[in-house]
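These notes are about the structure you will find just below.
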Amino acid sequence: MSRARTRLATAAALAALAIGTLPAASATAAPAPASSAGFHHPWGAETIRQIPLQGAVNVRDIGGYRTYTGGQVRQGLVYRSDALSKLTPADLTAVSALGLTKVVDFRIPMEIQYDGPDRLPPGLSPTSRPVSDLGLYGTLVGAISSGDPVKQEQMLGGGRAEAYMRDIYRTFVTSPENRAQFAATLREIADGGQGPLLYHCTSGKDRTGWVSYVLLRALAVPESSAERDYLASNTFRAAYDAQLRAGLKQSGRMQNPDLLIPLQEVRQDYLASATAQLEADYGSFYDYLTDGLGLDLRTLARLQKKMVR
């Protein structure tokens with residue numbers, strides 16, 4: 001077992017021990033999912049539970065993963081998603097069945113302006129918690145709306161789109177504002193009084209992918225499983241993203257819509273940019289949790305008690 005894994009395992013054990021000294025906080029019971037509410041996708045030795053909707057393609061329950069301490073992440077408590085602005089009436093019925101009590105929106109104001117606010121079941125309103133995309137959305141809007149293939153190549157070609165994505169991932173770690181938004185969400189998840197929660201961004205893959213990766217690893221899910229969960233966005237988004245590229249080409253707005261592929265995909269090296277930055281700034285994943293995100297032992301203990309069975 002690596003030093004980092006040993007330290008996380010020790011933290012998990014300490015968290016379990018610390019529960020006895022914390023005020024009683026039982027995990028909120030999740031509603032039993034309807035048989036039609038989720039599709040189960042085999043993913044290695046584990047299963048990813050997708051919530052099939054018409055107006056969002058990357059909605060998933062983060063539960064079900066095994067931890068290397070012998071537990072399993074509970075289902076029905078935390079969901080990750082792409083934007084919910086285009087949900088249909090049938091989608092709203094399906095989302096209502098999840099029993100959500102909170103929805104966190106990581107999108108910046110410009111994204112909400114162009115894509116629209118979340119459509120949610122009655123009684124739910126989104127909590128805006130913007131995480132910077134380093135101007136990516138504005139860059140995309142400008143590149144596509146220009147209709148100029150030379151400008152689009154200059155902005156996105158020659159490895160520039162990939163470099164842009166790596167820079168964005170580094171700011172997930174380096175930006176105090178971004179860290180504060182992620183930390184606030186993780187604290188809410190750890191709160192025993194908080195019911196089922198969903199967080200999302202626009203595509204449900206980068207900002208949402210990073211906080212999901214961090215959450216799973218904080219729960220002692222093996223790094224390889226957390227990485228598979230992150231990379232699964234490519235599977236769930238592939239058809240939609242290909243349709244978008246085809247539409248842009250057909251409309252004449254982009255001669256080479258494949259320039260968008262590095263921005264539409266998640267990639268191992270994007271995630272590696274963030275984890276390398278984490279190690280450079282904090283030394284280990286555990287120190288990132290405690291020093292970078294400010295999650296103390298009590299919070300990590302609550303997170304373990306609520307999310308792992």
Side-chain angles (χ1 to χ4, degrees), residues 50-60 79-96 98 100 102-122 124-147 152 155-156 161 164-165 168-169 171-172 177-178 181-182 185 197-212 232-254 257 259-266 270:
Q50 182 196 27
I51 312 300
L53 302 175
Q54 298 172 11
V57 299
N58 199 11
V59 186
R60 299 182 247 157
Y79 299 87
R80 52 173 296 173
S81 176
D82 44 346
L84 303 176
S85 54
K86 297 177 175 59
L87 297 190
T88 67
D91 291 341
L92 290 173
T93 299
V95 170
S96 181
L98 300 178
L100 298 176
K102 193 175 191 73
V103 172
V104 175
D105 187 349
F106 292 134
R107 295 179 297 168
I108 62 173
M110 185 180 187
E111 291 172 281
I112 298 173
Q113 176 187 344
Y114 275 84
D115 290 342
D118 287 341
R119 295 193 65 205
L120 299 173
L124 266 183
S125 58
T127 296
S128 179
R129 197 166 281 160
V131 172
S132 172
D133 67 348
L134 281 186
L136 173 62
Y137 195 84
T139 297
L140 273 175
V141 170
I144 293 171
S145 62
S146 74
Q152 291 166 355
M155 295 175 73
L156 303 174
Y164 206 151
M165 293 302 296
I168 290 171
Y169 274 72
T171 66
F172 293 164
E177 294 79 13
N178 289 347
Q181 303 291 50
F182 293 139
T185 304
L197 178 150
L198 179 148
Y199 52 78
H200 74 86
C201 51
T202 291
S203 298
K205 67 183 185 69
D206 300 310
R207 291 160 289 188
T208 295
W210 173 248
V211 76
S212 299
S233 284
N234 288 337
T235 298
F236 294 117
R237 293 202 56 85
Y240 177 88
D241 288 342
Q243 184 180 18
L244 174 62
R245 294 194 302 274
L248 289 171
K249 187 175 183 67
Q250 185 176 7
S251 69
R253 283 180 286 177
M254 291 192 79
L259 288 169
L260 297 177
I261 290 177
L263 305 177
Q264 291 180 317
E265 291 183 342
V266 289
Y270 299 166

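Heavy-atom basis, side chains included; hydrogens, waters and symmetry copies ignored. This chain uses plain numbering: 1 for the first residue, then up along the sequence.
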Test side-chain contact (heavy atoms from CB on, under 4.5 Å) applied to Thr93 - qualifying residues, sequence neighbours left out: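 Here no residue qualifies.
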
Ser96: side-chain contact (heavy atoms from CB on, under 4.5 Å) partners, not counting sequence neighbours: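 Expected list: Pro121.
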
Please determine, by modelled atom types, if [X] and [Y] share a side-chain donor-acceptor pair under 3.5 angstrom.
X	Y	answer
Arg129	Thr127	no
Arg60	Ser81	no
Tyr164	Asp133	no

Can you sort out the partners of [X] under salt bridge (charged side-chain N to carboxylate O under 4.0 Å, His left out), two or more places apart, ordered by chain and number?
X	answer
Arg119	none
Asp82	Arg237
Arg107	Asp105, Asp118

Tell me whether [X] contacts the main-chain N or O of [Y] through its side chain, where contact means a donor paired with an acceptor under 3.5 Å.
X	Y	answer
Gln243	Ala238	no
Glu265	Pro262	no
Asp91	Gln54	yes
Ser132	Leu134	yes

Criterion side chain to side chain contact (heavy atoms under 4.5 Å, CB included) on Asn178 and Trp210, from CA distance to verdict: CA-CA 11 Å; Asn178 289 347; Trp210 173 248; over 6 Å; no

Spacing of CG belonging to Leu84 relative to OG1 belonging to Thr202, to within rounding of 0.5 Å: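 Leu84 atom CG to Thr202 atom OG1 measures 10.5 Å (nearest 0.5 Å).
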
Test side chain to side chain donor-acceptor pair (under 3.5 Å) applied to Gln181 - qualifying residues, sequence neighbours left out: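 For Gln181 there are no side chain to side chain donor-acceptor pair (under 3.5 Å) partners, ignoring immediate neighbours.
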
Parallel, tilted or perpendicular: ring planes of Phe172 versus Phe182, cut at 30 and 60 degrees: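 Aromatic pair Phe172/Phe182 classed perpendicular.
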
Chi angles and distances behind the side chain to side chain contact (heavy atoms under 4.5 Å, CB included) call for Arg245, Ile261: CA-CA 9 Å; Arg245 294 194 302 274; Ile261 290 177; 3.7 Å; yes

